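Comments concern the structure below.
A quick note: this is a predicted structure, and the numbers were derived from the prediction, not measured. If you read the sequence from its start, that first residue is 1, and numbering goes on from there. Note that these values count all heavy atoms, side chains included, but never hydrogens, waters or copies made by symmetry.
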Amino acid sequence: MAKKKYYVVWKGKETGVFSSWDTVKKLVQGFVGAQYKSFADKKEAEAAFKKTYKDYKGKNTKKPTLSPAEKMKYGVPIENALTVDAACSGNPGKMEYRGMLHYNKKEVFRKGPYEGGTNNIGEFLALVHGIALLKGKGLHKMPIYSDSKIAMSWLKKKQCRTNIVFDSSNKELLDLIKRAEQWLQENSYRNPILKWETKAWGEIPADFGRK
């Protein structure tokens, strides 16, 4: 069953907070400069209506915000850690990935863009790249954070389980994947691979900020 959503219309044929997309669609379709957004929580939607569309433009409002008590259950992320993330325009599309230190927000590697990739592939490659980099520097205990459960599962299986089709247009990416899988087969690592809890901590530091 789909979770109920709430919609704020700041500019439209009628403004306010609504619980039906069919209603909102009639209010914004054909209205030049319409401003509207969906929210997962009614209270958040009502609070948003008192502000402006600019306050929420580009922000992910589809997931409910945790209360301070709920956030406490997750604790705080480890400061001395590497964070990794990827970005992709299209699926498949141009993909890039990077690694950034949490404590000083310093970018330590950035690769791409590569043609014909996906976000999951980028997240997987970023993890392997980060592990190999830290191993080379002798930083065997530094944790690595990722916000991708899929990439973390692929890492555990030592295989990039993508179903995209590879051809001459994205051969470079396929070669990178094969190298990453081979590295995992031939090497071991002790770095803790941890899940970045976005709903409690906000976007991962390595995020490209394109949501």
Please assess V128 against L155 for the test side-chain contact (heavy atoms from CB on, under 4.5 Å), listing each intermediate value before the final yes or no.
-> CA-CA 8 Å; V128 180; L155 181 71; 4.0 Å; yes

Applying side chain to side chain donor-acceptor pair (under 3.5 Å), run through D167 and S169 and close with a yes or a no.
-> CA-CA 5 Å; D167 53 30; S169 66; 2.4 Å; yes

Before giving the answer on side-chain contact (heavy atoms from CB on, under 4.5 Å), spell out for K135 and S188 the whole-Å C-alpha distance, their side-chain angles and the decisive distance to 0.1 Å.
-> CA-CA 9 Å; K135 183 168 186 173; S188 61; 4.2 Å; yes

Would you check, one step at a time, whether the test side-chain contact (heavy atoms from CB on, under 4.5 Å) holds for E186 with Q182?
-> CA-CA 6 Å; E186 297 175 353; Q182 183 177 353; 3.0 Å; yes

Determine, stepwise, if the pair Y6 / F18 fulfils side-chain contact (heavy atoms from CB on, under 4.5 Å).
-> CA-CA 6 Å; Y6 297 88; F18 305 89; over 6 Å; no

Checking salt bridge (charged side-chain N to carboxylate O under 4.0 Å, His left out) for the pair R179/D175: CA distance, chi angles, key distance, verdict?
-> CA-CA 6 Å; R179 280 169 49 193; D175 291 340; over 6 Å; no

Should F109 and H129 be marked as a ring pair (Phe, Tyr, Trp, His ring centres under 6.0 Å) after you check the CA-CA gap, both sets of side-chain angles, and the distance that decides it?
-> CA-CA 9 Å; F109 66 83; H129 191 126; 4.0 Å; yes

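The closest side-chain heavy-atom distance from Y145 to V84 is not below 4.5 Å. Inter-residue side-chain proximity for I150 and F124 is flagged as unmet; no heavy-atom pair is nearer than 4.5 Å. Here the side chains of Q35 and V9 are not in contact, with every heavy-atom distance at 4.5 Å or above. The shortest distance between side-chain heavy atoms of T15 and F49 falls below 4.5 Å. Counting heavy atoms from C-beta outward, I144 and P192 have side chains that stay 4.5 Å or more apart. In this structure the side chain of E181 never reaches within 4.5 angstrom of the side chain of K158, judged on heavy atoms. Taking 4.5 Å as the limit, some side-chain heavy atom of M100 sits within range of a side-chain heavy atom of K105. Contact annotation: the side chain of Q159 never approaches that of W154 to less than 4.5 Å [non-hydrogen atoms, C-beta and beyond].
When every heavy atom of A126 is checked against every heavy atom of D85, the shortest pair comes out as CB-O, 4.2 Å. Of all non-hydrogen atoms in N80 and P143, the two that sit nearest each other are O-CD, 3.4 Å. Closest heavy-atom contact between A86 and N119: O-OD1, 3.0 Å. Between Y114 and L173, the shortest heavy-atom distance links the atoms CB-CD1, 4.1 Å. A pairwise comparison of heavy atoms in R98 and P205 identifies NH2-O, 4.0 Å as the closest pair. Across every non-hydrogen atom of E123 and S146, the tightest pair is OE1-OG, 3.8 Å.
If you run side chain to side chain contact (heavy atoms under 4.5 Å, CB included) between L134 and each of M142, K141, H140, R190, only M142 comes through. Each of L139, L101, I131 was checked for a side chain to side chain contact (heavy atoms under 4.5 Å, CB included) with L82, and the lone residue meeting it is L101.
More than 12 heavy atoms of other residues, nucleotides or ligands shown are found within 6.0 angstrom of NZ on K195. In the displayed structure, K51 atom NZ is contacted under 6.0 Å by at most 12 heavy atoms of other residues, nucleotides or ligands. Other residues, nucleotides and ligands contribute only 12 or fewer heavy atoms inside 6.0 Å of the NZ atom of K111.
The aromatic ring centres of W196 and H102 sit less than 6.0 Å apart. Less than 6.0 angstrom separates the ring centroid of Y56 from the ring centroid of F39.
Side chain of T162 to backbone of I121: no donor-acceptor contact under 3.5 angstrom is found. Formation of a donor-acceptor pair under 3.5 Å by the N187 side chain with backbone atoms of L184 is not found in this model. No donor-acceptor pair closer than 3.5 Å links the side chain of K37 to the backbone N or O of A45.
Hydrophobic clustering (ILVMFWY, side-chain heavy atoms < 4.5 Å, transitive): F208 and V108 are in distinct clusters. In this structure, V17 is not a member of the same hydrophobic cluster as F31, with clusters built from ILVMFWY side-chain heavy atoms closer than 4.5 Å. Placement of W201 and I78 within a single hydrophobic cluster is found when ILVMFWY residues are connected by side-chain heavy-atom separations under 4.5 Å, directly or transitively. Residue W183 is grouped with residue L125 when hydrophobic side chains (ILVMFWY) are merged at heavy-atom distances under 4.5 angstrom, including chains of intermediate members. Note on I177: it clusters hydrophobically with M152, by side-chain heavy-atom contacts below 4.5 Å among ILVMFWY residues.
Taking the side-chain contact (heavy atoms from CB on, under 4.5 Å) definition, one finds that K25 meets it with W21, D22, Q29, sequence neighbours left out. The side chain to side chain donor-acceptor pair (under 3.5 Å) search around S20 returns T23, not counting sequence neighbours.
If you take OG on S19 and NZ on K42, they are separated by 7.5 Å, rounding to the nearest 0.5 Å. How far CG of N170 is from NZ of K94: 13.5 Å, rounded to the nearest 0.5 Å. Atom CG of D147 sits about 9.0 Å away from atom OG1 of T83, to the nearest 0.5 Å. If you take CG on N191 and CG on L133, they are separated by 10.0 Å, rounding to the nearest 0.5 Å. The line from CG of N120 to OG of S153 is 8.5 Å long, rounded to the nearest 0.5 Å.
Figure legend: cation-pi geometry between R110 and Y97 absent, as NZ or CZ is not positioned both under 6.0 Å from the six-membered ring centre and within 45° of its axis.
No hydrogens or angles considered: nothing links the side chains of Y36 and K11 as a donor-acceptor pair under 3.5 Å.
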